[in-house]
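Below you'll find the structure, written out as structure tokens, and then a few comments.
All figures in this text were calculated on a predicted structure; none of them were measured in a lab. In what follows, chains are A, B, ... by sequence order, proteins preceding strands, each numbered from 1.
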Amino acid sequence: MNHSEELLKRLPNDIGGQPGAPIQRSEHQYLPWEKRCHALADILDMRKIVSTEEKRRGVESLGAEMIGKLTYYERWVAAFANILFQKGILTPGELAVRDGGGSGAPLSWDGRMTLAGALVSCTFLGLQHGIDVDHVAAITDVTSIQRTPLDATRCGLLYAVGHAATVGTPGSRSHYAEALRSAASLALDGARDRHDAGAPGTLRVQFLVQQWRGADGTRPRTLVDRRPSSPPTGQGRRSGHGYGPKSSLSLGVLHGIGAETPTQLSVLLITSNLGGIQNGILGLSVFALGMFVSNMVLTTAATGVFSISKARPAVFRSLAAFTAAYSLWIGIKMMAG
Amino acid sequence: MHPHDHTPVVAADEAPGYYEIMETAVRELLVAKQIISAGEIRRHLEVLDSRTPQLGARLVAKAWVDPEFKKRLLADGRAACEEMGISFYENTELTVLENTEKVHNLIVCTLCSCYPREVLGLPPDWYKLAPYRSRAVKEPRAVLAEFGTVIPDDVEIRVSDSTAMIRYLVLPRRPEGTGNMSEEQLAALVTRDAMIGVVPVEFQNGRVQ
């Protein structure tokens with residue numbers, strides 16, 4: 001077996017049974033920071049944030065060269081940083097700011113990502129995200145209740161514009177950070193209180209409550225004419241108006257802030273690792289563009305199907321019931337995390 | 001004993017290194033985000049400092065003098081520790097392996113450094129380094145010989161490879177001539193390395209070695 005085959009079959013940690021040097025009975029005097037690092041590892045394990053096995057794999061994924069060059073606890077801390085980036089709990093930018101440049105440029109979690117490759121990935125993620133479950137649910141809801149195909153297309157378009165605008169032009173770092181924080185809260189998956197996640201988490205839950213209530217067969221009335229924090233009332237169900245242009249746009253904006261799907265988490269992880277806020281915005285912009293394109297295709301398709309079926313009330317009713325049930329299911333799934 | 005292979009022991013007032021700064025930054029960010037608290041890190045440092053091989057030695061000595069305790073220790077190491085007031089902070093099982101006339105046990109972690117920290121504290125450097133991890137499972141007799149331990153050919157050597165979930169502790173054989181000793185005196189004979197399985201517990205001519 002040649003050297004590369006050996007490397008393929010054995011990960012760096014897997015050395016049991018390999019030949020080795022004589023044993024030096026060396027003892028180690030733990031430095032204070034190494035003890036703190038050990039305590040941190042135990043606490044992360046106890047709090048179910050990073051398990052012992054995840055830590056071991058994190059060390060392994062540093063690669064044989066790094067494993068050979070770093071000391072035991074240096075490997076641990078490098079692994080923690082990468083694992084916490086992957087989970088969206090910390091961002092490379094935060095770490096670089098916090099340590100005052102002490103640990104240099106942000107780590108990239110696969111070390112090989114190029115800007116061009118990442119932008120292509122972002123575009124494809126955008127195309128995919130445009131047909132993610134929450135978009136399908138929203139667009140079918142929005143378009144199905146419009147009187148004319150033109151209205152439906154306009155509302156679908158406004159949804160796409162609102163959503164793309166929110167994602168693609170963060171405007172400030174704070175939006176970007178908030179979106180990441182929101183992603184982190186999802187990634188933590190109950191590891192801590194959802195309330196800590198702040199506004200985006202709250203918005204997400206609010207949106208899903210609306211989505212869920214709206215999809216119970218009666219259709220939602222408005223999304224943003226009501227204050228997000230107002231308790232659900234029966235009144236809304238009886239008031240007569242459906243999704244208008246304004247609420248479609250707002251629904252898109254709200255989706256941009258709050259409703260995370262795996263695709264959105266992926267794009268946030270990629271863009272946060274591109275290095276620099278400009279590259280991050282560029283990544284988000286091409287993502288938004290891809291999403292806009294696939295949303296328009298989806299809107300056109302939904303409008304067409306609904307307007308054809310409107311001639312046959314029975315078909316339209318069952319189609320509407322089906323999309324409502326679908327939205328209900330997506331809403332419950334996302335609420336349940 | 002010489003210090004770690006890579007890192008020289010530095011004076012306390014030396015400027016913190018790259019990875020030390022990174023550790024501080026990661027920990028402080030997690031505290032700032034209220035994911036962990038500074039207090040729990042501090043309390044856990046005290047827990048780590050309180051874990052030394054003396055705890056393991058107490059278990060071994062009690063097992064030597066109390067056959068009922070020994071049964072419980074071998075049946076469920078973690079439960080027996082908790083009975084002695086030794087809490088587990090990691091979510092692990094503890095399997096205690098008894099050395100006999102016919103069987104000698106040795107523990108290792110080939111993948112990393114899994115170790116019964118609750119009862120032995122932090123592992124020695126050589127336990128975490130490649131030579132011991134790679135060779136212990138392949139040529140345990142040669143490895144033991146490098147620790148000055150020669151196991152007769154008619155004694156079976158069992159090597160147990162630890163995992164993140166299952167940790168091992170060796171229950172060494174009680175040395176000859178210790179029949180009149182108290183549990184505390186016996187505990188003083190038991191060393192960390194004997195509970196890893198690389199050396200026996202020794203007692204000769206009334207003199208502790």
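Of the atoms belonging to Ile36(B), heavy atoms from both backbone and side chain fall under 4.5 Å from chain A. Looking at Phe147(B), both its backbone and its side chain come within 4.5 Å of chain A, counting heavy atoms on both sides. Using a 4.5 Å cut-off between heavy atoms, Val137(B) contacts chain A through its side chain alone, with no backbone atom that close. For a residue to count as touching a neighbouring chain, one of its non-hydrogen atoms must lie under 4.5 Å from one of that chain's; by this rule Leu84(A) touches chain B with the side chain only. Only the side chain of Arg117(B) comes within contact range of chain A, with heavy atoms under 4.5 Å apart. In this structure, chain B has no heavy atom under 4.5 Å from any part of Pro12(A). Neither the backbone nor the side chain of Asp161(B) comes within contact range of chain A; no heavy atoms are under 4.5 Å apart.
Counting heavy atoms from C-beta outward, Cys109(B) and Tyr168(B) have side chains that stay 4.5 Å or more apart.
Note: Trp126(B) and His28(A) fail the aromatic proximity criterion, with ring centroids not under 6.0 Å apart.
When each of Arg27(B), Lys138(B), Arg42(B), Arg135(B) is checked for heavy-atom pairs under 4.5 Å with chain A, Arg135(B) comes out on top. Counting heavy-atom pairs closer than 4.5 Å to chain A, the top-ranked of the candidates Ile41(B), Leu45(B), Leu122(B), Val47(B) is Leu122(B). Between chain A and the options Thr24(B), Val108(B), Val198(B), Leu30(B), the largest number of non-hydrogen pairs under 4.5 Å is found for Leu30(B). Heavy-atom pairs under 4.5 Å with chain B were tallied for Leu44(A), Ile43(A), Thr52(A); the largest tally goes to Ile43(A). Chain B forms more heavy-atom pairs under 4.5 Å with one residue of Asp14(A), Leu40(A), Val59(A), Asp42(A) than with any other, namely Asp42(A). Highest contact tally toward chain B, considering only Arg56(A), Glu60(A), Lys55(A), Glu53(A), is held by Arg56(A) [criterion: heavy-atom pairs under 4.5 Å].
Under a 4.0 Å N-O distance rule, the pair Glu23(B)/Arg36(A) qualifies as a salt bridge.
In this structure, a donor-acceptor pair under 3.5 Å is present between the side chains of Arg10(A) and Gln18(A). Side-chain polar atoms of Thr178(B) and Arg174(B) form a donor-acceptor pair below 3.5 angstrom. Asp45(A) and Ser51(A) share no side-chain donor-acceptor pair at under 3.5 Å. His44(B) and Tyr89(B) share no side-chain donor-acceptor pair at under 3.5 Å.
Taking the centre and axis of the six-membered ring of Tyr30(A), the NZ or CZ atom of Lys35(A) falls outside the cone set by 45° and 6.0 Å.
Partner of Arg167(B) under the salt bridge (charged side-chain N to carboxylate O under 4.0 Å, His left out) criterion, out of Glu93(B), Glu90(B), Glu118(B): Glu90(B) alone.
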